[in-house]
Structure formats: structure tokens, C-alpha cells
Amino acid sequence: MTWLTPLTGLLLAAAVVPPLLLLYFLKLRRRPAPVSCTLLWKKSLEDLRANAPFQRLRYSVLLLLQLIALLLVALALMQPQIDVGQRRGGRFVLLIDNSASMNTLDGDPEGRGRSRLEQAKALAKARVERLFGTGLFSGPPGQIMVIAFADRPEVRTPFTDSRQQIIEAIETIEQSDGGTAVAEAFSLARAFTTTPDPDDATAAPEAPASLELFSDGRISDLDTEVLKPGESLVYNVVGRAGDDNVGLVSLAAQRPYESQGQIQVFAALANFGAAEISTDVQLSVNGTVQAITPKPIRVPGATVDPTSGAFVAGREQIAFLPFEQPRSAVVEVALLREDALEVDNVANIVIPPSRRLRVALVDEEEFFLPGLLDDLKLTMISDVQSMTGAQFDALAEAGELESFDVIVIDDYAAKRLPAGRYLSFGAAPPLEGFNEFGVKGQLFVRSSKTEHPIMQSVDLSDLYIHSMRAITAASDIEVLAEAPEGPIILHASRGPVQVLHVSFNPLDSNGPLGHNFVTLVCQAIEWLGTSRDALTREGLRPGQPITARLPPSARDVRMRQPDGRETSVATPDPELFAWGPVKRVGLYDLTWEMPGGEGRESRAFAVNLFSESEGRIDPRETLTLGQEQVVGRRPEQSLQTPLWPWALATCIAVLMLEWWVYVRRTGV
Amino acid sequence: MTTARPNRPTRPTRVDELIDGRLMAKLDQVDVISRKIFAGKLQGERRSKRRGMSVEFADYRHYVAGDDLRFVDWNIYARLDKLFLKMFLEEEDLSLLIVLDASASMEYGDPDKFTFCKRLAMALGYIGLSNQNRVTLWSYGGPEGEVQRLSNLRGRRRTQEMGAWLLNRDAGGTARFEDAMKTIALGRQGKGVLIILSDFLLKEGYEKGLRYLASGGASGGSSGGGYDTFAMQVLSPQEIDPARGGLTGDLKLTDVEDGDVAEVTITPALLRKYKATLDAYCGNLREFCVRRDITHVTIDTSMDMDTLLLEYLRKRGLLA
């Protein structure tokens with residue numbers, strides 16, 4: 001219990017109680033009255049006292065009641081407050097959610113548009129203040145640790161009893177647009193709580209700390225978490241239910257086959273509220289409005305699947321008419337409707353200029369692959385240059401292979417592989433980690449990673465391999481498909497060298513006879529050719545890093561963030577540029593200078609939310625961790641309960657009781 | 001606050017204020033009766049067991065030498081030739097002892113108990129005088145604290161003397177009931193009716209004093225030693241119901257006799273307890289008296305004197 005103004009109450013008690021006692025004694029002065037004999041009166045009094053065990057107390061019950069009333073008034077003036085159901089002392093971990101859904105502007109009950117994160121921070125600070133206490137009799141606060149988490153946790157401050165440090169750590173938590181994953185945050189908290197000194201493994205583990213979560217409860221990995229024995233979790237619910245939200249959950253653009261100078265944009269909208277809504281959608285290209293949907297798009301309300309009980313957001317697709325844009329462009333799609341969560345109302349996509357791949361084919365046999373590549377000239381490949389193995393080695397020595405986007409090597413044992421992207425068949429590439437140890441025959445594919453981009457929509461179960469080069473691969477080489485006798489398709493990344501290796505010659509298999517293998521080769525060439533640039537087209541998610549392959553001579557690399565801040569990025573190898581992870585959605589502009597160049601080169605990166613879990617903004621009232629249900633606590637359910645209204649109410653009741661007793665005693 | 005003490009000017013100063021002619025006329029028809037037949041010193045209007053010279057025949061007995069020849073029944077002698085002596089019931093006088101409590105506690109109430117008792121004593125005494133009874137008045141307590149006596153009055157001509165004596169009695173001091181009863185018991189003679197007028201509110205207890213009277217005192221006889229004893233407990237309305245006397249709130253009650261103080265807060269519960277205590281006290285007194293053949297009578301001073309004498313005391317067997 002804390003006392004906000006203890007001195008006031010004490011002064012009042014000191015000023016009022018003694019006069020009351022004086023008045024009470026004055027009041028007790030009795031009127032003299034002669035009687036014939038006091039015998040009967042004394043006997044009556046004795047009997048009355050003998051029959052009433054609390055006679056002495058009742059005798060002065062008026063004084064007692066008046067004293068109680070005065071003390072209650074004094075108590076009320078001291079403004080006592082009590083922490084309901086909370087312990088003090090010990091260790092606390094404050095877990096503050098700063099994911100995208102915490103951008104929702106409903107965190108203020110008075111509707112002033114405060115975000116949920118701001119409210120969560122305010123709640124956390126209030127909690128810290130309570131733990132430290134502001135009253136006269138406040139106890140020790142204990143140790144407090146602050147962790148902010150979105151898709152990954154961040155320790156804002158380790159365990160400390162410094163109030164200023166804790167408050168500062170909370171105040172400096174920045175909003176992010178990432179997803180919400182609490183598992184790592186829990187692990188991090190446990191690592192700190194159960195190990196008193198990470199440098200001293202022999203130290204005895206300490207009791208688990210009390211975890212206090214400030215979140216809207218939309219946590220994607222909550223079902224994988226359980227509370228450890230002795231752990232306690234307090235869930236402070238932030239945000240209110242009832243606000244609708246419509247967001248963009250997908251955005252794509254492509255250049256039609258027949259017209260590579262045009263761009264067509266597709267977008268998907270999701271409605272996370274129960275009611276159907278309609279909204280206009282605007283398409284902008286390089287900051288200029290290109291189109292607005294001729295009539296509002298109606299998005300049905302969200303439903304709950306009756307069989308699984310799963311939440312199903314209402315969806316609607318939009319396809320904008322193609323427009324002419326041969327050069328690169330930043331396309332923005334925006335919903336012209338205000339709702340509680342704005343970060344998913346706008347999405348960007350960066351479209352590279354119309355461009356086809358330039359491919360080199362190192363092929364001695366000139367049979368299957370040349371024909372396939374010639375066919376691809378209609379779509380993705382602009383130029384195929386065939387060469388022999390000797391010519392390849394010569395160009396490699398001369399460093400003249402940089403102009404090719406992809407180099408296809410058909411069963412040729414090259415001497416070395418300079419920087420570049422390679423699709424090789426048969427002979428193992430001359431890279432560390434590839435070891436040939438003979439030939440195997442009559443094989444079928446046993447397993448394959450169908451989720452890899454080059455393996456999508458590819459079924460290799462019918463692929464028969466007459467013979468292949470047996471290979472052992474290092475652990476860092478990714479095996480995409482393998483037979484019982486060894487890996488068949490491998491992906492190796494050695495800095496600037498990217499290699500997709502197929503360990504047999506296509507002509508030693510039935511691959512060329514079926515469409516699956518042909519699809520595989522096409523997807524491999526496209527994936528390699530667009531590697532690293534691919535993200536610029538597909539867009540990034542918050543939490544991912546921005547990577548780019550800059551010219552080796554690039555210098556003074558800078559990154560301009562969506563909020564306008566520009567930071568200089570020191571990168572030792574421009575070809576392996578990485579920055580991030582990004583926290584906010586929007587357009588990131590990477591610029592650099594080239595020696596002798598005029599002006600700065602630039603490349604844009606679009607970061608979009610595209611998250612249905614974050615788009616659902618109605619807060620979850622109860623968290624389920626394993627078998628345990630944690631009921632959320634509302635911010636208005638202030639745990640610091642003021643007691644002065646109760647003291648005053650009790651005082652009034654006591655005064656009424658005193659009046660009643662007085663009337664009853666004196667009324668004859 | 002209204003006190004229960006009467007104002008001095010209202011106290012009677014003349015005999016006719018104690019008893020007026022109208023009441024005296026009514027009392028002429030009333031006599032004091034006793035449950036016992038007494039032998040008196042003088043021939044009175046009482047019938048006695050003693051055979052004597054009245055006109056009422058009682059019995060015969062054989063003549064013995066020395067008997068008064070006037071009482072020989074000569075008719076029987078003529079028929080039987082034997083001397084028989086006629087025996088008659090002799091009428092004797094009645095001793096009426098009236099004891100007046102003059103302690104300070106009697107001067108309480110409205111009307112106050114002392115004045116009431118003086119009027120009652122006057123009326124009873126007048127009845128005794130008018131019926132040729134031997135009337136003796138006693139008082140105890142008073143400012144002097146001694147037992148006072150006016151003894152052996154007979155005949156109506158002594159009415160003024162009795163009234164003057166009563167008018168001179170003042171209440172005050174402490175009632176030493178035991179000593180007073182002992183003195184009265186030793187001082188009484190013969191047999192008769194003894195009436196005690198008191199409130200019997202005695203801290204030292206009434207038992208010993210009454211026991212003197214019940215044991216017959218100097219007479220040594222049983223059952224009051226030949227005295228038919230009446231204990232008349234006179235209480236004021238304020239003592240019976242203190243709320244009527246204005247006793248409310250926080251009070252410091254002072255005993256008018258010994259100055260003893262009792263601090264009370266008058267509450268309904270206390271009043272209920274007081275009444276229960278009073279009832280129990282009177283009940284104990286009545287039971288004590290009954291066990292000792294003493295008639296206990298409770299009298300409220302607000303009672304009309306005519307009603308008291310002509311109805312109430314008749315019913316209780318004192319007057320006829």
C-alpha cells in the first residue's frame with residue numbers, strides 16, 4: 001500500500017482527534033439528580049453489565065464510532081492506494097510488443113489516436129512506477145528487464161533496479177512493422193532470468209522471473225509456447241475490439257509476354273472486420289496517380305470457418321489494366337479509406353526495366369540444351385552465346401564473363417569458375433566441397449525439395465538416370481534432389497559464385513523427353529538470372545535484410561529510409577551488400593557513387609506488410625499457452641486501486657451508525 | 001428537568017390539612033380490625049378470649065370459693081341445686097401502633113412520600129381514636145435521627161394532639177431501620193395492630209428490623225408477639241416509573257440520605273432493568289413478610305386517600 005499524501009492525514013488526525021476527545025468528555029458531564037435511594041439503580045446497572053459482556057465497549061461506543069469516523073477521514077486524506085493482487089520485489093521481465101498490429105490507432109480510450117505501442121509503453125511505465133512506488137511506505141522494486149519484440153526480440157535493458165534506465169528503455173522502443181513472434185522473446189527472458197551470470201556456468205540458477213506481456217495478443221507462434229514450472233505470465237491487453245481493418249495482402253506486377261514494355265499490376269485485399277466494406281483503390285507509378293478503380297471495391301466481411309473454427313478474412317482481387325512503362329518503376333497501390341491500421345493500406349513494388357537474360361552455353365555436344373535455350377529466347381532469354389570448354393576457360397582467365405547473366409555448362413570440367421551464376425550438368429564444378437568419386441547408374445530420384453523456387457511444379461518421380469557422377473557434397477552445399485546413391489541436384493554459393501549443379505548429363509537420362517526436367521532447367525536459369533535482383537521485384541517483408549549486388553567499385557553507399565532518414569552504410573564488399581533487417585514498411589532507396597560517374601546511382605527496395613496475422617487487429621483477450629489460459633488484463637483495470645472513496649463511504653456509514661446509536665440510547 | 005422533590009410550601013401546616021372533616025366523617029364508619037382477638041388492659045370495644053364482664057354469654061363453670069356471687073346462675077341452682085357460675089366474653093381495647101419512616105428518602109416524589117405517610121398515619125390514627133383504641137405513634141429517622149413516640153392516645157379528643165405531633169415531624173437524616181424496629185419492638189406493650197409506613201428502600205436491608213417485629217420483641221410471643229403487623233411500602237410514582245419523573249439522558253444520581261452517587265445514562269434498557277429490579281425487590285419484601293405473618297401492602301402516593309382507606313385497605317383486611 002502506498003500513501004500519496006500521508007502528512008495531510010496525519011495533520012488532520014492530530015488537529016481533530018484531541019478536540020473530539022475533549023468534546024466527548026465535556027459531553028459526558030452528567031446532570032445531577034437526587035433520588036430517594038440509589039440502591040435499585042446500582043443494582044440495575046450491575047445486572048445490565050453482568051448480562052452484557054461488551055458493556056464497557058458499548059458504554060463508550062459513541063466515542064469509538066466518532067474516532068473511527070475521524071480516522072477514516074484522515075485515512076482518505078492520506079490517499080492510500082493498494083496494488084491488487086500484485087507482488088512487489090523479485091524480478092520482472094516486461095515484454096512489449098512493437099509489431100505491425102501495434103500501429104493500430106485505437107490505443108487511447110478517449111479516441112485521440114494514440115497507437116497501441118504508445119499505450120503499451122505508457123502502461124509499462126505505469127507498471128514500473130508502481131513497482132518502484134511513489135508513496136511513503138513503498139518497498140523495494142526488485143529487478144526489471146525490458147524486452148521489445150516483433151518478429152525477433154530485442155533486449156532494451158537487462159535486469160536493473162535503475163528506474164531511470166528502465167523508463168528510458170521503454171520510451172525508446174520504436175515502432176516496427178514486423179510480425180509477432182514471442183518464442184524467442186521468452187527464450188531470451190529465460191536465458192537472463194534463470195542464469196544469474198552468463199559468464200559463470202556454475203552459478204546456481206535463480207527462480208523464474210515474472211513475465212509481464214504488453215500486447216494485443218496477435219502472436220503467431222503462441223501455440224508453440226508453454227510456461228515453465230514456476231513461471232508466471234501477466235498479460236496486459238492493449239487495444240480495443242470493434243475497429244475494422246482492410247489491408248493489402250498481396251501485390252504483384254508483370255510484363256505481359258506480348259508487350260514487354262507494359263506493366264500489369266495485381267493486388268489482393270483482405271477485410272479483417274466482420275462487416276463488408278467498400279473502398280477505392282489507387283494506383284500510382286513513380287509518385288504519379290495512374291488509376292483509381294472506377295467504382296469502389298467491395299470486400300466481404302471476415303468469417304469463421306464452421307468446421308475448423310479458423311478465422312477467414314474476406315478477400316477481393318484487383319487487376320489493373322496494363323499500362324506502358326518500359327523503364328523501371330515504383331508502383332504504389334493505396335486504399336483510399338481510413339481505418340485503424342494504416343501500414344497495410346499502402347504497398348509498393350519495384351519493377352525493373354524490361355530486360356532479358358544473356359546466357360552463355362558451354363556445350364561440346366550441342367544437342368539438347370541449345371535447342372531448349374533457343375526456345376527460351378521467345379520469353380526470358382535475349383541472347384545465347386555458345387562456346388567450347390576451351391573458349392570458356394579462356395574467357396574466364398580474361399575475366400570477360402561478367403556480361404553473361406547465366407552460364408550453362410554442359411558436362412564440361414572447367415578449370416575455374418569466376419564470379420557469376422552457373423548451371424552445370426555432369427562434371428562437378430571446380431569448387432571446394434564438390435568431390436567426385438565415380439559413376440553410378442540406373443537411378444531414380446528419391447527425394448527433392450519441392451519448396452525451392454527451381455523445384456516448384458516439378459515432379460521428378462519419373463526421371464530415370466542411366467548414369468551420373470557420384471558426388472559427395474560439403475555440408476554448406478544445399479542438396480535439392482537426391483537418389484539413394486548420392487545427390488543429384490545441388491546448390492552452392494561461394495560468395496560471388498552461384499552454382500546450380502545437376503550431376504548427370506541430360507542425355508544420360510530420360511529428362512529431355514518429359515516436361516518436368518525442361519521446366520526445371522527453365523526455372524533454374526530464371527532463378528539464377530534474377531538472383532539478388534529478384535527481391536526487388538517481389539518486395540521485402542519487415543524483418544528481412546536488404547541485399548544487393550552492387551558494382552565492386554561502388555562507394556559512399558547510403559540508405560534512405562521511408563521516414564527520410566539517410567544513413568551511410570560501410571560495406572567492405574559492394575557485391576555482397578546487406579543492410580537491415582528493415583523494420584518499417586515503405587520504400588528504401590539505396591544510393592552509391594561510381595568513380596568518374598556523374599551523380600549517384602540508386603536502386604529502390606519496397607518493403608510491404610502483406611501479413612494477415614498482423615492485419616487482424618481485434619485484440620485477443622485470453623492467451624493459451626499449452627494447457628494454461630492467461631486472461632488478459634485491461635488497462636482500465638488499474639491495479640493501483642485508490643482506497644480513499646472506500647474510506648469516505650465507510651466514514652459516512654460509521655457516522656450514520658453513530659447517529660442511530662445515539663438516538664437509540666437517548667430516546668426513551 | 002423536573003425533580004421529584006416537593007416544594008416546602010405545599011407541606012401541611014395544620015391538622016385539617018392532614019385530615020379534613022369530610023374524610024373524618026367517612027372514617028367514623030370504619031374500624032381497625034385485627035385478625036386476632038386480643039386481651040387488653042381496659043375494657044374496650046374489642047371482643048377478647050378472656051371471660052369477663054361483657055353481656056355476651058360464653059360458658060358455665062362450677063363455682064369455687066371466692067368467685068363473685070353476682071355471676072352465679074341462680075336459675076340453674078334452683079333446678080339442679082348446684083352452683084354454676086356464668087361466664088361472659090369480655091370486650092377489651094386495641095393497641096394501634098403506627099410507625100412513620102421520617103428518613104430523608106421519604107421526602108421524595110410528587111406527591112412526596114413523607115406528607116402522604118403523615119396523612120395516612122393521621123387517618124389511621126383517627127380511626128383508632130374514634131374506636132377507643134389505644135393509639136401509639138412512632139417515628140424514626142428525621143433530622144434528629146432518634147426514635148420519637150406519642151403513646152397511649154385514646155378517644156377523639158386526642159385527635160388534635162396526634163395531628164400536632166405529626167405536623168412537627170420532619171424528614172431527614174438516615175433511617176437506621178434495624179435500631180428503630182428494635183426500639184419499637186421493645187417499647188410496645190400488650191397486643192394490637194402495628195402499621196409501618198415506609199418505602200423500605202434500605203441499603204442495609206429490612207430483614208433484621210422486620211424480624212424484630214415478627215419475633216414479638218419483648219413480648220416474646222410468636223407470630224408477631226400478639227401484634228398484627230402491616231408493612232405498608234409507600235412509593236412515589238417517580239420511583240415506580242422514573243421516566244415519569246423526567247429522568248433522561250446522562251445523570252449523576254445522588255442518594256438523598258447518604259450522598260451516594262450513581263452515574264447512569266438513562267436508556268430504555270436501563271429503565272426496563274430498573275423496573276424489573278424494583279419488582280423483584282418488592283416481591284422479595286412481600287415474600288419475606290408473608291413468611292413471617294406480616295401483611296405487605298404497596299401504596300402509590302398518587303393514590304387517592306379515600307380510595308386507599310375505604311377500598312384498598314379494606315380489601316387488604318386492615319380496615320372494616
- Between A:C37 and B:D255, the two heavy atoms sitting closest are CA-OD2, 3.4 Å
- Task: Enumerate by number any residue of residues 194-204 of chain B whose heavy atoms lie under 4.5 Å from heavy atoms of chain A; in the absence of such residues, state 'none'.
- Result: B:L201, B:L202, B:K203
- Task: Could you list the residues that satisfy side chain to side chain donor-acceptor pair (under 3.5 Å) with A:S44, not counting sequence neighbours?
- Result: B:T277
- Item | Heavy-atom proximity to chain A below 4.5 Å, by part of B:Y281 | side chain
- Item | Atom CH2 of B:W165: over 12 foreign heavy atoms under 6.0 Å | yes
- Identify the heavy atoms of A:K42 and B:D260 that sit nearest to each other, and give their distance. NZ-OD2, 2.8 Å
- Take atom CZ of B:R286 as the centre, draw a 6.0 Å sphere, and report whether it contains more than 12 heavy atoms from other residues, nucleotides or ligands. yes
- Under the side chain to side chain contact (heavy atoms under 4.5 Å, CB included) rule, what do B:L247 and A:W41 come out as? Steps first, then yes or no, please. CA-CA 12 Å; B:L247 287 183; A:W41 290 108; 3.7 Å; yes
- Of the backbone (N, CA, C, O) and the side chain (C-beta and beyond), which part of B:K275 lies under 4.5 Å from a heavy atom of chain A, both, or neither? neither
- Considering all heavy atoms of both residues, which atom of A:S36 and which atom of B:S105 are nearest to each other, and what is their separation? O-CB, 3.3 Å
- Message: If you count heavy atoms of other groups shown closer than 6.0 angstrom to CZ of B:R169, is the number above 12?
- Response: yes
- Spacing of A:T38 atom OG1 and B:E257 atom CD [to the nearest 0.5 Å]: 9.5 Å
- Within a strict 4.5 Å, meaning less than it, do heavy atoms of the A:R31 and B:T248 side chains meet? yes
- Residue pair A:V35 / B:T254, side-chain heavy-atom distance below 4.5 Å: no
